[in-house]
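Residue numbering restarts at 1 for every chain, and letters A, B, ... go by the order of the sequence lines.
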Number of protein chains: 2
Amino acid sequence: MKPAPLHEQIRSGIEARILSGAWPPGHPVPSEAELMAEHQCARMTVNKALTALAAAGLVERRRRAGTFVARPRSQAMVLEITDLAREVAARGEDYRWDLVRRSTERSDALGPMAPLLRIEGVHHAAGHPLAFESRLVNLAEVPAIADADLAAEAPGTWLLAHAPWTEAEHRITAEAANAALAEALACPLGSACLTIHRRTWRGAAPVTLVTQHFAPGRHELVARFGARTG
Amino acid sequence: MKPAPLHEQIRSGIEARILSGAWPPGHPVPSEAELMAEHQCARMTVNKALTALAAAGLVERRRRAGTFVARPRSQAMVLEITDLAREVAARGEDYRWDLVRRSTERSDALGPMAPLLRIEGVHHAAGHPLAFESRLVNLAEVPAIADADLAAEAPGTWLLAHAPWTEAEHRITAEAANAALAEALACPLGSACLTIHRRTWRGAAPVTLVTQHFAPGRHELVARFGARTG
DNA sequence: AGTCGGAATATGTATAGACATATTGGCGCG
DNA sequence: CGCGCCAATATGTCTATACATATTCCGACT
């Protein structure tokens with residue numbers, strides 16, 4: 001086992017005392033001078049550790065006053081949004097994408113009379129419908145998708161590989177299945193479907209607008225805060 | 001307007017090129033030597049910028065090879081979980097908490113035969129039921145809650161003020177309303193209810209386990225990635 | 001007593017240099 | 001031709017120092 005870098009040791013040592021509750025919110029963290037005496041190192045090294053903790057929101061640093069354990073005010077959870085194909089494969093199940101509709105139109109949904117590609121289809125896992133997806137893609141931003149084989153590859157997977165780093169907003173709701181959705185997901189009319197509305201931008205330009213309806217009981221989102229991994 | 005620190009300028013300059021799509025995944029980022037020549041600064045300064053980008057998952061750094069725009073496996077969205085009372089008040093609506101049940105028990109839900117407080121109640125917004133909440137609190141960790149007036153103040157509000165947790169896990173699903181839930185929320189049987197299962201810990205000790213069922217159409221979660229604020 | 005201003009303090013940013021380490025590409029040798 | 005080793009390279013870590021900046025403390029002056 002290779003020893004961790006010194007600034008990592010300092011960081012994780014302080015982090016452990018915060019996460020264990022030994023240092024409650026508001027508790028002072030030793031100053032850089034104290035830490036550098038304790039660890040026999042230069043100030044830049046302890047500064048690196050404390051700066052990382054501040055970036056992670058675990059501590060608050062105030063000039064002249066010192067460093068203190070942060071009070072968790074707005075709890076910002078980390079919600080991992082993964083590609084469905086990858087997620088299904090990670091569970092060891094077969095994944096399949098069925099393209100249902102592919103058409104072009106112009107509308108104001110993603111900018112004034114923007115040329116749009118409309119895609120509808122169903123994600124399957126282990127042979128059963130997992131999610132119905134309805135998507136608009138801004139052809140002005142991503143013209144290359146017009147040539148993509150969207151029957152073979154889900155549009156989300158294609159976009160992730162070709163234009164992934166965007167800004168995104170997700171709205172998560174529960175919606176009752178209407179007739180068309182019930183048929184697509186092979187579930188009873190009115191079933192409770194977890195629904196994700198996603199909008200993405202590249203810079204200021206809208207890229208895509210997606211709605212995914214998940215089959216009842218077949219999907220859950222997990223959001224975490226803190227060090228807990230399992 | 002005070003100029004941003006140099007390492008921030010370097011970081012945001014690179015970040016902009018990645019988010020705009022100008023540098024696609026796998027694209028090489030200039031080496032530290034090139035960046036320090038370009039910005040006329042020391043290597044530590046560009047290192048700070050690149051290290052921050054690597055910590056945020058935007059770039060991948062490989063010794064000898066260089067720095068490259070990362071291929072994202074998943075995007076970590078930021079999901080703000082707020083106190084319901086505060087959220088309702090922020091929308092300018094009246095908030096009310098109705099305590100339905102308050103009892104003690106022992107079970108293994110939060111540790112081996114832990115003494116537990118069970119609380120059930122309904123959050124109201126603008127006079128209508130917003131969410132049914134069922135909660136277990138670990139009395140071994142938070143004994144003071146036994147003396148709290150949980151008819152006047154929702155347990156989530158009380159806990160936030162008295163025993164902030166350090167780690168949390170949320171599971172978000174859609175569930176159909178059963179008879180009891182339909183009555184509590186004054187909604188039809190089988191309605192699609194957005195449901196949040198939350199577990200929190202302080203250090204290694206479980207603190208509370210909450211299930212919140214939201215009335216159909218009355219709540220949505222919002223998660224964001226990137227700089228977009230609205 | 002109240003307040004204004006300077007000194008003390010802790011963090012914020014940056015430099016120049018040094019050595020460590022992982023990785024890659026090429027060179028030489030069998 | 002294939003294999004292994006070495007050197008070049010880019011990042012990783014750390015030091016010692018310097019100056020900037022925000023904040024608080026405290027004393028002096030009104």
Position toward the 5' end of DNA chain D (nearest nucleotide), A/T45 or B/E32: B/E32

A/C41 or B/S31, whichever maps to the more 5' nucleotide of DNA chain D: B/S31

Do any N or O atoms of the protein come closer than 3.5 Å to N or O atoms of nucleotides 24-26 of chain C, and which pairs are they?
residue	atom	partner	partner atom	Å
C/dT24	O4'	B/R64	NE	3.4

d([atom1], [X]; [atom2], [N]) in whole Å:
X	N	atom1	atom2	value
B/L50	D/dT13	CG	C1'	15 Å
A/E60	C/dG12	CD	P	11 Å
B/R61	D/dT9	CZ	P	18 Å
B/M44	D/dT15	CE	C1'	10 Å
A/R43	C/dA14	CZ	C1'	11 Å
B/N47	C/dG17	CG	C1'	14 Å
B/L35	D/dT9	CG	C1'	16 Å
B/H39	C/dT13	NE2	P	17 Å

B/A42 side chain, from C-beta outward: closest of D/dT11, D/dT13, C/dA16: C/dA16

Residue pair [X] / [Y], side-chain donor-acceptor N/O under 3.5 Å:
X	Y	result
A/T67	A/R61	yes
B/H213	B/T195	yes
A/T173	B/E220	no
B/H7	B/T45	no

A/T67 side chain near C/dA10 phosphate (N/O to OP1/OP2, under 4.0 Å): no

Sugar-phosphate only, base, or nothing, as touched by B/L6 at under 4.0 Å among non-hydrogen atoms: sugar-phosphate

Sugar-phosphate, base or nothing in reach of A/T51, heavy atoms under 4.0 Å: nothing

More than 12 heavy atoms from other groups under 6.0 Å of NE2 on A/H128: no

B/D98, CG: over 12 other non-hydrogen atoms inside 6.0 angstrom: yes

Plane angle bin for B/Y95 and B/H123 - parallel if under 30°, tilted between 30 and 60°, otherwise perpendicular: tilted

